[in-house]
Structures are given as C-alpha cells and as structure tokens.
Amino acid sequence: MKDKLSIVLPAYNESKMICKTRAKLAEVLEKAGIEYELIFVDDGSKDDTWAAIRTASETYPGITGIHFSRNFGKEAAIFAGLSQALGNVVAVMDCDLQHPPETLVQMYRLWKQGYEVIDGVKADRGKEGVLYKVSAGTFYRIMSKATGVDMKNASDFKMMDKKVVDTLLKMPERNTFFRALASWTGYRATAVEFDVQERKEGESKWSLMSLIKYAFTNISLFTAFPLQFVTFSGMFVLLVGIILGIQTIAKYLSGTAVEGFTTVIVLILFIGSIIMISLGLIGYYLAKMYEEIKHRPKFIISETSGVTTVDSKI
Ligand code: UDP
Ligand code: MG
C-alpha cells in the first residue's frame with residue numbers, strides 16, 4: 001500500500017483560515033511528493049467555518065469535513081479527526097498556520113526512518129507576555145513530573161504512526177490531554193523544533209480563565225498530587241495546632257493564660273480555609289470521575305462532507 005498522510009485540523013471560528021491553510025498545505029505537500037488527506041473538524045463554530053470546509057471538500061479531492069453539533073473543545077475535535085484518519089501516518093496541527101506546514105515534511109522523513117511519534121516542540125514561543133511564559137512554564141514543570149514526559153515547550157503539533165493513533169482511540173476516558181498522551185504510549189519518539197508563526201487571521205480562542213481551567217483539568221487528569229498536598233497541609237496544620245496547644249496548656253498551668261483570643265481567631269481562619277480548599281479539591285476529583293462514569297460521547301457529529309467513516313458514538 002502506498003503511504004498516505006492524514007492531517008487532522010481542529011477548527012473553531014476559522015472561516016478565513018480554511019482556504020488559506022488548505023492551499024498552503026497542498027503547495028508544500030505536493031512539492032514534497034507526499035500523498036495526503038485533510039480532515040477538517042469544525043468544533044461547532046459560530047461563523048461560517050463549516051460552509052468553508054464543505055466548499056473545500058466539494059472542490060478538492062482528499063478533503064473530509066466533520067461538523068460538531070456544538071463546541072466540544074479542541075481535544076474532542078482532535079479525537080474525532082483521529083478516528084476518521086485513513087492514512088498509515090497521521091498528523092495533528094492547528095488550522096491557523098501557526099504550525100508551519102514545512103515542518104510536516106521534516107516529520108514525515110523522521111517517520112520514514114522508523115519513528116512512531118514525532119513531537120513538534122516550540123523553539124520560540126512566539127509573542128507571549130512574561131506572565132504567560134512564567135505560568136505556562138510552571139504548568140509544564142508540574143505536568144512533566146506528573147507524566148514522566150518532558151513537556152517543556154510541548155504542543156499539539158504531532159505526527160504519529162497509525163498504530164499510535166489506534167492505541168489512543170482505544171483509551172476509554174472522556175477527558176484527554178492529547179499533548180501528553182501520544183508520548184505516554186511509549187512508542188519510539190523523537191522531536192522536531194518549529195518556530196511558532198504569527199496568527200494571520202482570526203484570534204486566539206484562549207482567555208486567562210480558560211487557560212487556568214485547562215491547566216487545572218490536565219494536572220488533575222495525570223496526577224493525584226493536589227490531593228496529597230491537601231493531606232500534607234493537614235499534617236502541617238496539625239503540627240501547628242499541637243505546638244499552640246502545648247503552649248496554651250503551659251500558660252494555663254503557670255497561671256498566665258489571659259488573651260489567646262487572637263490565636264483562636266487565626267487558627268479558626270487558617271484551619272477553616274484549609275478545610276474548604278481540601279473539600280473543593282476532593283469535589284473536583286469526584287466531579288471528574290462522575291463525568292467519566294456517565295460515559296457520554298466525547299463529541300456529537302451533526303454533519304459530514306467528503307468521504308467519512310466516523311460516527312458520533314466514539
Ligand atoms: N480550537 C478548537 N476548538 C476550540 C478552540 C480552538 O478546535 O474550542 C482550534 C483552533 O481553531 C485552532 C487550534 O485549536 O486551530 C488552536 O487554537 P488557537 O489558535 O486559538 O490557540 P493558540 O494558537 O492561541 O494557542
Ligand atoms: Mg493559534
């Protein structure tokens with residue numbers, strides 16, 4: 001069988017980019033002589049992204065469109081695309097051309113050499129503020145520890161052998177973190193550096209709140225560290241309590257016990273806040289488990305265009 005590269009492109013409100021991205025990919029891949037198919041997954045866009053995808057798949061061969069009934073998030077879009085991929089090698093990239101198509105050719109050569117997971121690593125994180133760099137850095141340090149995979153400058157830009165994709169699709173969980181999962185599978189991996197390009201049209205879909213939520217979700221998916229942290233803080237508070245208790249008893253016995261009001265207030269506030277944080281954390285993990293137990297589908301497809309094999313039951 002001839003090699004074929006499937007490229008999965010999650011798209012949310014990217015109407016202006018679909019046409020450009022398709023043209024650029026076609027140019028680069030045809031020049032390199034790589035046979036390919038494009039899978040655009042419209043993640044419930046509010047603009048005319050779906051119309052643009054449908055037009056592209058009706059005009060050019062080898063273009064598949066998947067349209068979600070609503071916004072299910074980039075992870076869901078990636079997994080829908082992966083389950084549709086027909087090639088024996090599959091790439092995932094943003095469809096705003098921030099991931100340079102030329103890097104695909106480099107990744108493809110590495111795949112030909114026998115690598116099964118080729119990670120795109122950001123050489124230059126593009127135009128990002130200091131605060132963003134620091135918080136992203138902290139998040140990735142925690143994630144690297146939790147996953148045992150070096151997550152520094154990691155991205156969703158990857159190429160994988162079909163067998164890695166099949167392994168990923170067999171994972172039953174609803175909440176996924178694609179960026180870490182591909183390397184987590186343990187297949188023969190390597191990395192390629194790329195420069196993050198500037199976004200030409202549209203805007204980034206990330207807000208500060210969504211980034212915080214994203215970090216928290218992914219840390220909780222890979223590690224129970226926050227829960228251990230709760231236990232340790234509990235022990236610490238207990239220690240402080242014991243010391244203060246001994247001091248109070250000593251004062252009482254020596255007949256100097258008077259104020260103590262401040263201590264009581266401080267202790268109540270301190271212990272109260274620790275208990276609230278702990279309960280919140282436990283509740284968060286419970287909520288995540290509840291989501292998994294419900295076994296709802298990761299995404300719901302309302303329409304497709306081009307040749308499609310997927311259904312919404314995945
Ligand atoms: N995206 C998506 N669903 C979402 C948000 C984003 O499919 O809910 C897609 C988006 O269309 C783009 C990619 O994910 O192709 C990366 O998003 P974005 O460019 O907003 O992120 P950034 O590059 O700023 O990190
Ligand atoms: Mg982008």
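One-based numbering, in listed order, for ligands and for the atoms of each. These values consider heavy atoms only, across backbone and side chains, with no hydrogens, waters or symmetry-generated copies. Note that the numbering runs from 1 along the sequence shown for the chain.
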Using 2.8 Å as the threshold, say whether any N, O or S atom from Ser204 sits that close to the Mg ion (ligand 2). no
Single hit among Phe225, Tyr285, Tyr284, Phe177 for ring pair (Phe, Tyr, Trp, His ring centres under 6.0 Å) with Phe216: Tyr284
Geometric cation-pi criterion Lys205 and Tyr12, 6.0 Å radius, 45° cone: no
Neighbour count above 12 (heavy atom, 6.0 Å) for Lys162 NZ: yes
Quick one: does any side-chain atom of Asn13 pair with a main-chain N or O of Lys46 as donor and acceptor, under 3.5 Å? yes
Check ligand 1 for close polar pairs with the protein: N or O on both sides, less than 3.5 Å.
{"unit_1": "ligand 1", "atom_1": "3 (N)", "unit_2": "Asp43", "atom_2": "OD2", "d": "2.6"}
{"unit_1": "ligand 1", "atom_1": "8 (O)", "unit_2": "Asp43", "atom_2": "OD2", "d": "3.3"}
{"unit_1": "ligand 1", "atom_1": "8 (O)", "unit_2": "Asn71", "atom_2": "ND2", "d": "3.2"}
{"unit_1": "ligand 1", "atom_1": "11 (O)", "unit_2": "Tyr12", "atom_2": "N", "d": "2.8"}
{"unit_1": "ligand 1", "atom_1": "11 (O)", "unit_2": "Glu14", "atom_2": "OE2", "d": "2.6"}
{"unit_1": "ligand 1", "atom_1": "15 (O)", "unit_2": "Pro10", "atom_2": "O", "d": "2.9"}
{"unit_1": "ligand 1", "atom_1": "15 (O)", "unit_2": "Cys95", "atom_2": "N", "d": "3.0"}
{"unit_1": "ligand 1", "atom_1": "19 (O)", "unit_2": "Asp96", "atom_2": "OD2", "d": "2.6"}
{"unit_1": "ligand 1", "atom_1": "19 (O)", "unit_2": "Arg199", "atom_2": "NH2", "d": "2.5"}
{"unit_1": "ligand 1", "atom_1": "20 (O)", "unit_2": "Lys205", "atom_2": "N", "d": "2.6"}
{"unit_1": "ligand 1", "atom_1": "21 (O)", "unit_2": "Trp206", "atom_2": "NE1", "d": "3.2"}
{"unit_1": "ligand 1", "atom_1": "23 (O)", "unit_2": "Gln98", "atom_2": "OE1", "d": "2.7"}
{"unit_1": "ligand 1", "atom_1": "24 (O)", "unit_2": "Ser204", "atom_2": "OG", "d": "2.6"}

If you draw the axis of the six-membered ring of Phe72, does the NZ or CZ of Arg70 fall within 45° of it and under 6.0 Å from the ring centre? yes
Go through the side-chain N and O atoms of Ser15 and Asp47 and say whether any donor and acceptor fall under 3.5 Å apart. yes
Besides Val240, the hydrophobic cluster formed by Ile, Leu, Val, Met, Phe, Trp and Tyr side chains linked at under 4.5 Å, directly or via other members, contains Phe236, Val237, Leu244, Leu267, Phe270, Ile271, Ile274, Ile275, Leu279
Shortest-distance N/O/S atom, Asp96 versus the Mg ion (ligand 2): OD2
